[in-house]
Chemist: 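Once you've had a glance at the structure underneath, I'll fire off some questions.
First listed ligand is number 1; within each ligand, the first listed atom is number 1.
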Amino acid sequence: MLVDSHCHLDFPELSGDLDAVLALMRENGVTHALCVSVTLQDFPRVRALAERYSQLYATVGVHPDYPDVPEVGADELVELARHPRILGIGETGLDYYRIKDDCEWQRERFRNHIRAARRSRKPLIIHMRDAAPDTLRIMREERADEIRGVMHCFTETWEVARAAMDLGFYISFSGIVTFKNAQALKEVAKRVPLDRMLIETDSPYLAPVPYRGKTNQPGLVKYVAAEIARLKNVPLERVATETSHNFFQLFNLKKSNAHVTP
Ligand SMILES: [Zn+2]
Ligand SMILES: [Zn+2]
């Protein structure tokens, strides 16, 4: 069994063909996927997916790449997260690649998400691009280690991975790790222990090889797992079992509810 720890099934590339998306998950042994919210406007659609389908879960948060959407306070996030199928807070974090202004609003938004995660006892889904020092600094200042979470779609160095793991965070690899030109990231993936690792698609983006450039979907997370297995020289089944176990541990899901065999 496999779990896709990060996808966007409410995005138009995928929302119109959910039956096919769920069918490919079944076919490829992907038992669950976490549907991640990026704005308060999309959140009701994301929550509805998790309410409707037992194999889908959801999160609540406002992504750092959206400057012109309604801001969210910690109180509101705590309130929206009070739902059994909302597993985490995010995606949140810092993105200095896409947004070039002074970004103080991103840091303030990020702090609110960490405070909400600590109060609601639900882990963080952190997006970090070209902003590792500030991201790690704010995680430390806001005591993100007390609630933990996942560094999603990880593309940074081993030192950054190590620092995030020291704060109790998991490192999640996407289809990028299958790309030929991602040699440095492949080396990082070799070093991150399987018991600290998650895998994801970030679909509809970043489809893994051999689907690179096409629309991604949770069923394709199996190709991320296969690449990790190849890099670590372990059986695919072991990558599948360990990363799924990590997902259920981090998000406090009982194995029996999640149909995991020990
Ligand atoms: Zn992201
Ligand atoms: Zn995302």
Side-chain angles (χ1 to χ4, degrees), residues 3-15 21 30 32-43 45-47 49-50 56-67 69 72 77 81 86-100 103 105-107 109-110 112-114 117 122-132 134-136 138-139 144 149-156 160-161 164 169-179 182 185 188 197-208 214-221 224 243 247 250-251:
V3 175
D4 180 359
S5 73
H6 191 115
C7 65
H8 300 284
L9 296 190
D10 63 307
F11 285 17
E13 295 90 334
L14 293 169
S15 62
V21 166
V30 182
H32 296 85
L34 183 60
C35 299
V36 174
S37 153
V38 295
T39 65
L40 291 184
Q41 291 104 312
D42 87 329
F43 173 66
R45 291 197 301 275
V46 174
R47 180 179 53 200
L49 287 167
L56 303 180
Y57 295 107
T59 71
V60 60
V62 181
H63 193 292
D65 282 349
Y66 295 78
V69 296
V72 68
L77 283 169
I86 306 298
L87 302 187
I89 305 292
E91 55 183 296
T92 182
L94 301 176
D95 191 329
Y96 297 169
Y97 178 82
R98 296 270 290 274
I99 310 277
K100 300 290 189 195
C103 289
W105 59 271
Q106 274 193 6
R107 292 186 286 274
R109 187 183 282 178
F110 184 30
N112 279 334
H113 282 73
I114 300 175
K122 295 194 177 184
L124 287 154
I125 292 86
I126 295 187
H127 171 109
M128 169 175 70
R129 194 158 181 207
D130 276 7
D134 276 5
T135 307
L136 290 166
I138 291 174
M139 287 166 71
V150 52
M151 308 307 289
H152 112 85
C153 196
F154 190 83
T155 53
E156 298 285 341
V160 175
F169 278 67
Y170 288 82
I171 308 297
S172 180
F173 291 97
S174 69
I176 294 175
V177 80
T178 70
F179 297 173
L185 188 62
V188 176
M197 190 185 289
L198 294 175
I199 51 175
E200 67 174 79
T201 59
D202 206 9
S203 49
Y205 312 122
L206 300 173
K214 303 231 169 69
T215 301
N216 199 3
Q217 54 174 308
L220 300 182
V221 79
V224 179
T243 55
F247 180 85
L250 174 64
F251 292 108

Chemist: So if I apply the ring-ring contact (aromatic ring centres under 6.0 Å, His included) rule between His63 and each of His113, His127, His152, which one comes out positive?
Modeler: His127

Chemist: Under 3.5 Å, is there a donor-acceptor pair linking the side chains of Ser172 and Glu200?
Modeler: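 On atom types as modelled, these side chains qualify, holding a pair under 3.5 Å.
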
Chemist: Quick one: which of Val46, Val60, Thr59 gives a side-chain contact (heavy atoms from CB on, under 4.5 Å) with Val36?
Modeler: Thr59

Chemist: Where does the angle between the aromatic ring planes of Phe11 and His8 fall among parallel (under 30°), tilted (30 to 60°) and perpendicular (over 60°)?
Modeler: parallel

Chemist: Suppose you place the vertex at the Zn ion (ligand 2); what is the angle out to His8 NE2 and His6 NE2, to 10°?
Modeler: 100°

Chemist: Return yes when at least one N/O/S atom of Glu91 is nearer than 2.8 Å to the Zn ion (ligand 1), and no when none is.
Modeler: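 Glu91 does place an N, O or S atom closer than 2.8 Å to the Zn ion (ligand 1).
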
Chemist: The Zn ion (ligand 1) as vertex, arms to ND1 of His127 and NE2 of His152: angle to 10°?
Modeler: 120°

Chemist: Is there side-chain contact between Val160 and Met128, with heavy atoms separated by less than 4.5 Å?
Modeler: yes

Chemist: What N, O or S atom of Asp202 is found closest to the Zn ion (ligand 2)?
Modeler: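 Nearest N/O/S atom: OD1.
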
Chemist: Is the distance from the Zn ion (ligand 1) to the nearest N/O/S atom of Cys153 under 2.8 Å?
Modeler: no

